[in-house]
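The analysis underlying the following values was restricted to heavy atoms, covering all of them including side chains, and did not include hydrogens, waters or symmetry mates. Chain A is the first sequence line, chain B the second, and so forth, proteins listed ahead of strands; every chain is numbered from 1.
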Amino acid sequence: MNAHAASPSSAASPRAPLALLAELTHRCPLSCPYCSNPVELTAREAELDTDGWADVFRQAADLGVLQLHLSGGEPASRRDLEDLVAAARDAGLYVNLITSGIGLTRKRLEALDAAGVDHVQLSLQGVGPAMADRIGHYRGSFTRKMEVAGWVADLGLPLTLNAVMHRHNFKDLPETLDLALDLGARRIEVATVQFHGWAATNRAALMPTREQAREASRLVLEAREKLKGRMVIDYVPADHHARFPKACMGGWGSTGLNVTPEGLVLPCHAAQTIPGLEFWSVADHPLAEIWTDSPAFRAYRGTDWMQEPCSSCERKLVDFGGCRCQALALAGDAAATDPVCSRSDRHADLVAAIDAEADAPAPEFVWRVAPR
Amino acid sequence: MSAAPARSAEGTRLPAHAASTPPPLPDASVPALPRGVRLHHDRVRQTWVLLAPERVLKLDAVGLAVLERVDGARTFGAIVDDLAAAYNAPREQIAADASRFLDGLIARRMVDLAR
């Protein structure tokens, strides 16, 4: 996605989106305390059916989407996952399966391979059963994941490991990279936990220390150079410890869209935390119309909505004021400067709060619960 | 994508020219698109792209001409010969350009090399 240079996308006529994240279901065997799903989960009965998703995929391809991310919850919790992959390939999309591995068997993986899945992204909660099973709150999850990774390698599918890092497992970063190499991963995402969804609830239990964040950045730079041509490392640094915020979604409504299990179309997975935004459903509107005209997408597209210090900032087309959901959560105003930014008047308070959290003993996790 | 400056294993910065012009690929090497990396015609934007895990690379005419000839069977030397003939251009220049392009993709695991 980052091959395309950022350029202003006007509120009236946005460029076509490149990627669509389909949250096929909120059901998941794991209960990770940093899950990006909303705290209010969608029940199975409300999920779009096979034809509903296939229609979304065709509309997405017509709109210009190139890459489809099949996610959840756990996408393998959908019995029709093989049909959904086939429908997505029929539509002409590149199909990326984002999975915990739980619920996949060798036979299912073979069927997904035959259906045309392009790439498998396997989540990793830890480098051994003690950490992985604790974070996922599921005994045996690590062993099963290793089995799944072996099948992926056998079938010759490209594998990415997706390692979410936080105060409890940052110490294992070197072993995490080694494990990815051992499993034959072509790519690894080292993603410092993002504080949305359940992770916002568990912020103090997950917040890395400043020292951990610094050491992780150093290790990643070193490993990238050493592993060039062998394994690609994509890195999401700890944005609470950065000088400037991350350009969330590469700019609101500029690059990608999310579809929830029941068919609501969101500019990002956390957008429903912003009160007053009006989301349109694929049941009521064509996807192209939702992308261009729906109030939620228009709300923070471009730069007209910005306040100071963003509106006169020379970085406004670099980081787009940071994350709208984070601005709401931390500053109480979704149009404010993301307090993660050192130019926000709330930055000093945030830094003091997160340093205090990271230095205090970690509280217990609040586990993600299953949807009704 | 990595924005790290080019460094040797010892951590010292390499001179810029050494980092940007590696020796050309051997003529006998065989580039291939690995599973999960494929050429795709983007009908909405009217352009060719290379699709890979979490990556979309927009291709210009030169990039497309090279990748259309990468089939996992043809050697780099044969690809360069074919391009030189097709574009009526000096072989050495084509080899340098194609090598630089493919090297960038190899570093990002978007092209594999069998030697």
Side-chain angles (χ1 to χ4, degrees), chain A residues 1-5 15-19 60-69 89 92-98 113 116-121 152-153 155-160 162 185-189 217-218 220-235 255-256 288, chain B residues 1-14 18-20 22 25 29 31-60 63-64 67 72 99 101-115:
Chain A
M1 311 292 119
N2 41 15
H4 291 252
R15 290 177 303 166
L18 283 167
D62 288 345
L63 181 55
V65 167
L66 297 173
Q67 295 218 347
L68 173 69
H69 307 292
R89 281 301 302 263
L93 297 168
Y94 184 96
V95 181
N96 176 28
L97 176 65
I98 301 175
D113 182 24
V117 70
D118 282 292
H119 168 227
V120 176
Q121 191 164 321
V152 172
L155 294 174
L157 285 163
L159 173 69
T160 287
N162 182 11
R186 207 186 285 173
R187 185 173 159 270
I188 183 170
E189 280 185 26
S217 295
R218 190 190 68 75
V220 165
L221 280 184
E222 193 182 276
R224 261 187 190 156
E225 206 46 45
K226 199 178 78 182
L227 300 174
K228 189 177 269 180
R230 233 179 123 194
M231 185 168 75
V232 175
I233 306 177
D234 281 345
Y235 176 49
T255 311
Chain B
M1 212 99 343
S2 169
R7 280 167 201 279
S8 73
E10 290 75 39
T12 50
R13 197 178 288 255
L14 294 169
S20 60
L25 294 174
S29 63
L33 293 183
R35 180 84 195 266
V37 181
R38 52 187 174 88
L39 282 171
H40 176 81
H41 183 252
D42 180 344
R43 59 187 158 91
V44 172
R45 297 172 190 81
Q46 300 274 308
T47 184
W48 282 87
V49 291
L50 189 64
L51 298 177
E54 298 282 337
R55 298 285 189 276
V56 176
L57 193 69
K58 190 177 163 187
L59 297 171
D60 58 15
L64 179 63
L67 289 178
S99 184
F101 175 65
L102 289 173
D103 262 329
L105 295 177
I106 290 165
R108 290 182 274 174
R109 294 296 321 261
M110 291 164 84
V111 165
D112 281 349
L113 208 55
R115 279 167 209 277

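In this structure, the portion of L93(A) lying under 4.5 Å from any heavy atom of chain B is its backbone and not its side chain. With a threshold of 4.5 angstrom between heavy atoms, V117(A) approaches chain B through N, CA, C or O but not through any side-chain atom. Heavy atoms closer than 4.5 Å to chain B are found in the backbone of L63(A), but not in its side chain. In this structure, the portion of E189(A) lying under 4.5 Å from any heavy atom of chain B is its side chain and not its backbone. For I98(A), no part lies under 4.5 angstrom from a heavy atom of chain B.
Looking at residues two or more places apart in sequence or on another chain, you find no salt bridge (Lys or Arg N to Asp or Glu O under 4.0 Å) involving R230(A). R186(A) meets the salt bridge (Lys or Arg N to Asp or Glu O under 4.0 Å) test with no other residue; sequence neighbours excluded.
Atom CG of D113(A) and atom CG of L157(A) lie 4.5 Å apart (nearest 0.5 Å).
At least one donor-acceptor pair closer than 3.5 Å links the side chain of S99(B) to the backbone N or O of L25(B). Remark: side-chain polar atoms of R55(B) are not paired, donor with acceptor, to backbone N or O of L51(B) under 3.5 angstrom.
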